**Student:** 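What follows is a single structure, and I will ask about it in a moment.
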Amino acid sequence: DQEKEQSPHLSEEELKVAFNTPIAKGREIVRDAWLFSTLTGLRLSDLRALTYGHLHEELDGTPYLQMRMTKTSTTIKVYLSPSAMEIIGTKGAENERVFAGVNGNVNQYEWLKYWMLGDCGINKEITWHSARHTFAYRYYRHTKDIVALQHLLGHKDLSTTQVYAHYSAEDSKQDLMNMPRL
């Protein structure tokens, strides 16, 4: 079996650089949508479909988005971190698109690549899907919960999600160092 090649993902350090690096004026919506995807796992098609009507709050004030994914028709619910809420900003009209300027055209793809390599100094072939992969690897690395990740990504089959569960010695370093001494 030949493994499907995955879009590259950012490490925690690279993601911090990306969050703290501006993009050229007039292109902020592309940067914001890409970063929002690193926090939610949304595909480009779902970023394009996301409206303020998909954003909700629980009784305790916890924000979340709930939507039917474009590709799989699976309904997902993703809680939104303070960083994700900062990107979205003030809530707009119910049917207003959150990332109205994002259309995924080749120019916007090039903006992402130039921003990542030129401004952030990260030498990876970044795509829109790289943001989703960054979210997935990051979530799995911190939680080790493959089933929750499956639901967050809207995968119908767990085997689709298992690509993010590859073992790396670095992933277990902290857990091993914190095990009780005998």
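Nothing here was measured: the structure is a model prediction, and the numbers come from that model.
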**Student:** Here's one to test your reading of the geometry: is the NZ or CZ of K91 within 45 degrees of the ring axis of Y52 and under 6.0 Å from its centre?
**Tutor:** no
**Student:** Do H9 and R132 come within less than 4.5 Å of each other through their side chains, counting heavy atoms only?
**Tutor:** no
**Student:** Given side chain to side chain contact (heavy atoms under 4.5 Å, CB included), test L80 with F36 step by step and report yes or no.
**Tutor:** CA-CA 10 Å; L80 301 174; F36 188 78; 3.9 Å; yes
**Student:** Scan L50, L65, I29, T51 and name whichever one has a side-chain contact (heavy atoms from CB on, under 4.5 Å) with V98.
**Tutor:** L50
**Student:** Mind checking whether L10 and K124 have side chains closer than 4.5 Å, heavy atoms only?
**Tutor:** yes
**Student:** Is the closest side-chain heavy-atom distance between V102 and D32 below 4.5 Å?
**Tutor:** no
**Student:** With heavy-atom distances below 4.5 Å as the criterion, would you say the side chains of D145 and Y140 are in contact?
**Tutor:** no
**Student:** In terms of hydrophobic clustering (I, L, V, M, F, W, Y; side-chain heavy atoms under 4.5 Å; direct or indirect links), are V147 and Y139 co-clustered?
**Tutor:** yes
**Student:** Could you tell me whether K113 and E110 make a salt bridge, using a distance below 4.0 angstrom between a side-chain N and a carboxylate O?
**Tutor:** yes
**Student:** Taking all non-hydrogen atoms of both residues, which atom of S37 and which atom of L47 are closest, and how far apart?
**Tutor:** CB-CD1, 4.0 Å
**Student:** Between R138 and L15, is any pair of side-chain heavy atoms under 4.5 Å apart?
**Tutor:** yes
**Student:** Can you tell me how far OH of Y114 sits from SG of C120, rounded to the nearest 0.5 angstrom?
**Tutor:** 15.0 Å
**Student:** Return yes if a side-chain donor-acceptor contact under 3.5 Å exists between S130 and H133, otherwise no.
**Tutor:** no
**Student:** Could you tell me which non-hydrogen atom of L35 sits nearest to which non-hydrogen atom of T38, and how far apart they are?
**Tutor:** O-OG1, 2.5 Å
**Student:** Report yes if the side chains of Y64 and V78 come closer than 4.5 Å at any heavy-atom pair, otherwise no.
**Tutor:** no
**Student:** Considering only heavy atoms from C-beta outward, does the side chain of F99 approach that of I87 to under 4.5 Å?
**Tutor:** yes
**Student:** Drop me the distance from Y137's OH to E12's CD, to the nearest 0.5 angstrom.
**Tutor:** 15.0 Å
**Student:** Check this for me: E94, atom CD, are more than 12 non-hydrogen atoms of other residues, nucleotides or ligands nearer than 6.0 Å?
**Tutor:** no
**Student:** Does M85 belong to the same Ile/Leu/Val/Met/Phe/Trp/Tyr cluster as Y79, with side-chain heavy atoms less than 4.5 Å apart forming each link?
**Tutor:** no
**Student:** Would you call the rings of W34 and W115 parallel, tilted or perpendicular, taking 30° and 60° as the class edges?
**Tutor:** perpendicular
**Student:** If you take all heavy atoms of I126 and M116, which pair is closest and at what distance?
**Tutor:** CG1-CG, 3.2 Å
**Student:** Hey, mind stepping through T72 and R43 against side chain to side chain contact (heavy atoms under 4.5 Å, CB included) and telling me if it holds?
**Tutor:** CA-CA 11 Å; T72 62; R43 291 180 185 90; 4.0 Å; yes
**Student:** Taking all heavy atoms of R31 and all of N20, pick out the closest pair and write down the distance.
**Tutor:** NH2-N, 4.2 Å
**Student:** Apply side chain to side chain contact (heavy atoms under 4.5 Å, CB included) to residues N105 and Q108 and explain how you reach the verdict.
**Tutor:** CA-CA 6 Å; N105 72 29; Q108 291 183 349; 3.6 Å; yes
**Student:** Using the rule that Ile, Leu, Val, Met, Phe, Trp and Tyr join whenever any side-chain heavy atoms are under 4.5 Å apart, tell me whether L117 and L112 fall into a single cluster.
**Tutor:** no
**Student:** Taking the side chain as everything from C-beta on, heavy atoms only, tell me whether L39 gets closer than 4.5 Å to F135.
**Tutor:** no
**Student:** Take Q66 and H54 through the test side chain to side chain contact (heavy atoms under 4.5 Å, CB included) and record every step on the way to the result.
**Tutor:** CA-CA 5 Å; Q66 187 164 3; H54 293 117; over 6 Å; no
**Student:** Give me the atom names and distance for the closest heavy-atom approach of L44 to G104.
**Tutor:** CD2-CA, 3.7 Å
**Student:** Distance alone, cut at 3.5 Å: any donor-acceptor contact between the side chains of T70 and D46?
**Tutor:** yes
**Student:** Mind listing the closest non-hydrogen atom pair of I76 and M69 along with its distance?
**Tutor:** CG2-SD, 3.5 Å
**Student:** Is the side chain of E86 donor-acceptor paired with the backbone N or O of A84 at a distance under 3.5 Å, no angle test?
**Tutor:** no
